[in-house]
Structures are given as structure tokens and as C-alpha cells.
Amino acid sequence: MLQLPIFMDNHSTTRVDSRVLEEMLPFFSTEFGNAASTTHDFGRRAAAACEQAREGIARLIGAEPKEIIFTSGATESDNLAVKGVAAMLRTRGNHIITAATEHHAVLDPCKRLTREGLHVTFLSVDRFGMVDLDELKHAIVPETILISIMSANNEIGTVQPIEEIGRVAREHGVLLHTDAAQAAGRIPIDVHAMNIDLLSLSGHKMYGPKGVGALFVRRKPPVRLVPLFDGGGHERNMRSGTLAVPLIVGLGRACELAASELDAESSRLTSLRERLHRGLQSRVEEITLNGHPSERLPGNLNLSFAFVEGEALLMSMKDVAVSSGSACTSANPEPSYVLKAIGLSDDLAHASIRFGLGRFNTEEEVDYTIVCVAETVERLRRMSPVWQDRNASVSRS
Ligand SMILES: *Cc1c(COP(=O)(O)O)cnc(C)c1O
């Protein structure tokens with residue numbers, strides 16, 4: 001039986017997998033030890049559980065367990081990477097390279113650093129959301145200390161050529177950080193093959209709990225950074241604070257599951273996404289794909305429905321949870337900066353919808369969504385004077 005409403009917004013967050021929840025539960029009750037208090041079994045068992053989680057996370061990205069620093073999420077990991085490296089390498093250089101389509105968790109720390117005298121280059125992207133390797137090479141100067149480019153974009157799903165970017169960074173002796181909040185567990189990542197020095201990931205984007213994440217910090221050659229907080233010196237002195245044992249256990253289990261199911265899940269999601277795309281294309285006129293046609297996250301479909309307000313579409317589709325290309329955080333919604341960066345007009349940016357398919361979506365839900373979206377778009381267009389004008393001019397020509 002189809003259960004409504006349908007959740008199809010798996011880039012904003014994901015449901016905790018029941019196998020993850022099950023693993024976490026004892027750590028809220030009987031296994032409540034502090035992982036830093038290992039003078040007794042309570043603490044030792046908590047510490048052992050955290051070490052097992054560290055291994056699970058490390059294995060997912062091809063790292064060593066010691067290279068994993070637990071954080072409160074990808075926002076903290078991004079801040080720690082960008083600000084921590086900038087502070088540590090201040091005497092070596094004062095230039096960072098990132099891209100216009102990064103998440104705010106990278107853009108905003110970079111912008112804050114510019115107020116403190118650092119120089120930041122925001123690379124442009126092409127119409128598919130890809131950075132240009134030549135533009136990257138040209139942006140590197142002797143003062144460049146860090147390149148931060150996300151592995152995959154949270155709005156349009158575009159997957160960046162991280163391996164090539166890693167090669168460029170390594171050749172120039174510049175550190176590479178990647179925000180892999182969307183990519184980890186969804187596409188293969190190998191920090192060594194890709195020459196990644198720092199990598200952020202988040203529990204709640206991969207069927208784990210909210211409020212936990214990790215930062216990979218390379219040990220060979222060692223990457224050093226200044227911590228965001230001072231305290232007990234946990235996590236190789238990079239992140240003080242008592243470990244959130246239940247959340248960490250959940251993140252570890254989520255990584256293990258993602259690693260073992262990645263291939264099967266990515267082909268299943270790719271075919272669901274194609275089914276959704278084809279279904280909509282066959283029923284709705286004037287839709288365009290945003291993001292890269294092939295180099296994209298398996299579950300991501302970002303479409304613009306010309307002559308329709310994305311916000312209106314969302315509000316008329318009560319049974320399907322998706323998100324739109326407008327940041328409706330204010331009374332005057334701004335179109336998404338990501339969609340603007342790939343060259344979309346304000347109209348098409350406002351007309352965009354992001355579908356984020358995930359582990360728990362079914363074919364039946366996709367079929368329901370196709371019908372629901374098609375009917376809603378048709379109804380909204382019937383009420384739109386611009387659509388009527390457009391039809392009149394199409395039939396005249
Ligand atoms: C969700 C997300 C973040 C923030 O992660 P939190 O764990 O919620 O702090 C950062 N970057 C990207 C690309 C994301 O998708």
C-alpha cells in the first residue's frame with residue numbers, strides 16, 4: 001500500500017535506517033559511558049564502540065581510522081577544515097580557492113575569512129554546474145593554501161571531477177578539502193586515489209542521525225589545523241568535547257551499510273530517477289533538467305517547469321515532499337544562487353523543483369509523483385496568463 005505523504009527530499013535529510021537506530025539504542029541506556037573515561041568498563045565499552053564506528057567511516061572513504069575526527073555535522077567539519085587550515089597556514093599563505101556553488105557551510109567561512117584579510121577566489125561553473133580545471137589551475141598562486149570543492153552538489157546533484165582536482169592540488173602543493181555531505185555513501189570515494197586531504201561528511205544525509213558528522217584529516221603527509229574550540233583535547237586535539245557516543249555509533253553503522261549497499265543502491269536509484277524523469281517528460285511540456293545529464297548523484301533530479309512558480313507547485317502538492325529552487329527564508333524569496341550560477345534566469349530558477357530519491361523510495365511512489373506533478377503543473381499553467389499567451393503564440397506560429 002502506498003503511504004502518503006511521500007518523502008522525496010533526501011538531499012535535505014534522510015530517515016534513520018532501522019538497522020542504524022537499533023545499533024544506537026543501547027548507547028542511550030545501559031551503555032552510557034564516557035568514551036574518554038576508560039578507567040572502567042563503562043567508558044571502555046563506549047570507547048570501543050566509537051573506535052568501531054571510526055573504522056566504518058574510514059573504510060567507506062578509503063582512510064585510516066586515526067584520520068577520522070568526529071564532529072557535530074558537515075557544517076562543523078567544513079568550518080573546521082576551512083578556518084582551521086587558514087589559521088594554521090597563515091604564515092605560509094593567505095589565498096583560498098572555492099566554487100560559487102558550494103554549500104553555505106563552506107562559502108560563509110570563506111567570506112568571514114575575507115573580512116579578516118584572506119583572499120578567496122570563487123570559481124565559476126559551467127551550465128551543468130562543473131568547475132573548469134583550467135580556471136582552477138590559473139587561480140592557483142604561490143599564496144594559495146587550500147582548495148575547497150564539494151564532491152557533489154546538494155541542489156543540482158552535479159558530481160565534480162575530484163580526482164582531477166586532487167591531481168592539480170597535489171602538483172601545486174595545495175591542500176584539497178571536499179564537502180562530501182551529499183556524495184559520501186552515494187558515490188564511490190577514495191581519499192588516496194583522489195588526493196583528498198580533508199573531507200566532510202554528515203550522518204543525517206546517509207540514513208544516520210542528525211547532529212553528527214566527521215572530518216577526514218590526512219596523516220601522511222600530515223595535515224595540521226587549528227581547532228575551533230579549546231577544551232579536553234579530544235580527537236587528536238582537533239575537536240574537544242565529550243564524544244556523542246550514540247550518534248557516533250549510528251554514523252559508523254550508517255557508513256558500513258552505505259559501503260556494502262552502495263553499488264546496488266546507486267543503480268536502483270538511478271533507474272528510479274530515470275523513471276521519474278521519463279514519466280514527467282512524457283506528460284509535461286517545457287521541462288528542463290538542471291545539473292549535469294550524466295555526472296550527477298543517482299537520486300537527484302532537478303527540473304524547471306517553465307511558467308510555473310516552484311513555490312506554488314510545492315504548496316499544491318501536499319502529498320509529495322520535495323523542495324524548490326527558491327530560498328524562501330525571507331518574505332521576498334531569492335532564487336537559488338546555485339541555479340543562478342549555472343546561468344538560469346530568475347523565472348526558470350523560481351520554476352525549479354528538486355526531487356531527491358533515497359533508500360526508502362519505491363517505484364510506486366515515483367509513479368504516484370509523476371501523476372501528481374503532471375496534474376498540478378497542468379492546473380497551475382491553466383491559471384497562468386503567461387502560459388496562455390505562450391500557447392497563443394505557439395499556435396499562431
Ligand atoms: C547538508 C549539507 C551540509 C550541512 O550538513 P549538516 O550535517 O546538516 O551540518 C553541508 N554541505 C552539504 C553539501 C550538505 O548537503
Side-chain angles (χ1 to χ4, degrees), residues 7-16 20 53 57 60-61 68-84 98-112 122 125 129-131 147-160 162 165 176-187 189 196 198-216 228-229 239 241 244 247-248 250-252 254-255 258 291-292 295-302 322-323 325 327 329 336-339 341-342 354-358:
F7 184 75
M8 212 173 272
D9 196 16
N10 285 279
H11 299 302
S12 69
T13 195
T14 58
R15 176 181 181 150
V16 173
V20 169
I57 300 162
L60 177 66
I61 57 170
I68 302 301
I69 305 295
F70 296 122
T71 67
S72 63
T75 299
E76 186 188 332
S77 300
D78 287 345
N79 272 269
L80 178 54
V82 171
K83 293 176 185 164
T98 187
T101 50
E102 292 296 309
H103 193 274
H104 278 296
V106 166
L107 289 179
D108 291 1
C110 286
K111 285 177 188 162
R112 184 179 297 280
F122 297 92
V125 295
M130 287 279 187
V131 299
I147 297 170
S148 180
I149 304 284
M150 70 204 318
S151 299
N153 186 269
N154 46 300
E155 289 189 40
I156 54 175
T158 299
V159 175
Q160 299 292 353
I162 293 297
I165 294 170
L176 172 63
H177 166 247
T178 189
D179 176 345
Q182 295 292 337
R186 290 186 169 129
I187 55 172
I189 295 177
I196 295 166
L198 301 126
L199 177 145
S200 305
L201 56 80
S202 172
H204 75 103
K205 302 291 174 73
M206 44 192 294
Y207 314 99
K210 293 172 181 58
V212 68
L215 180 66
F216 155 78
L228 296 174
F229 342 125
R239 206 285 190 172
L247 304 182
I248 286 168
L251 174 61
C255 287
H292 199 282
E295 298 301 305
R296 68 188 304 131
L297 289 172
N300 178 280
L301 186 66
N302 189 311
V322 290
S323 73
T329 45
S336 138
Y337 65 92
V338 173
L339 296 177
I342 61 172
R354 176 185 70 180
F355 300 90
L357 292 155

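Atoms within each ligand, like the ligands themselves, are counted from 1 in listed order. Computed from a prediction, not measured in an experiment: that's the story for all the values here.
- Under the 3.5 Å distance criterion, the side-chain polar atoms of Ser202 are left unmatched by any main-chain donor or acceptor of Ala181.
- In Met150, the part holding a heavy atom less than 4.0 Å from any atom of ligand 1 is the side chain.
- For ligand 1, the atoms closer than 4.0 angstrom to any heavy atom of Ala181 are 2 (C), 11 (N), 12 (C), 13 (C), 14 (C), 15 (O).
- Which parts of ligand 1 touch Asp179 is read off a 4.0 Å heavy-atom cut-off, strictly below it: atoms 10 (C), 11 (N), 12 (C), 13 (C).
- The shortest contact between atom 4 (C) of ligand 1 and any protein heavy atom is with Thr75 OG1, 3.4 Å.
- At distances below 3.5 Å, not a single donor-acceptor pair connects side-chain atoms of Asp9 with backbone N or O atoms of Gly356.
- Taking distance alone, with nitrogen or oxygen atoms compared against 3.5 Å, Gln182 approaches ligand 1 more closely than that limit.
- Counting only N and O atoms by type, the side chains of Glu155 and Ser336 include a donor and acceptor under 3.5 Å apart.
- For ligand 1 and Ala74, the ligand atoms under 4.0 Å from any heavy atom of the residue are 3 (C), 4 (C), 5 (O), 6 (P), 7 (O), 9 (O), 10 (C).
- A donor-acceptor pair is defined here as one N or O able to donate and one able to accept, closer than 3.5 Å; no such pair exists between the side chain of Ser200 and the backbone of Leu215.
- No donor-acceptor pair closer than 3.5 Å links the side chain of Thr178 to the backbone N or O of Leu199.
- Residue contacts with ligand 1 include His204, since one or more of its heavy atoms lies under 4.0 Å from the ligand.
- Considering backbone and side-chain N/O of Lys205, one or more are found under 3.5 Å from N/O of ligand 1.
- A donor-acceptor contact shorter than 3.5 Å links the side chain of Gln160 to the backbone of Val131.
- Looking from atom 7 (O) of ligand 1 to the surrounding protein, the closest heavy atom is Ser202 OG, 2.6 Å.
- Listed for the Arg296 side chain is a donor-acceptor partner under 3.5 Å among the backbone atoms of Ile156.
- Residue-level proximity to ligand 1 for Asn154 is carried by the side chain, the only part with a heavy atom below 4.0 angstrom.
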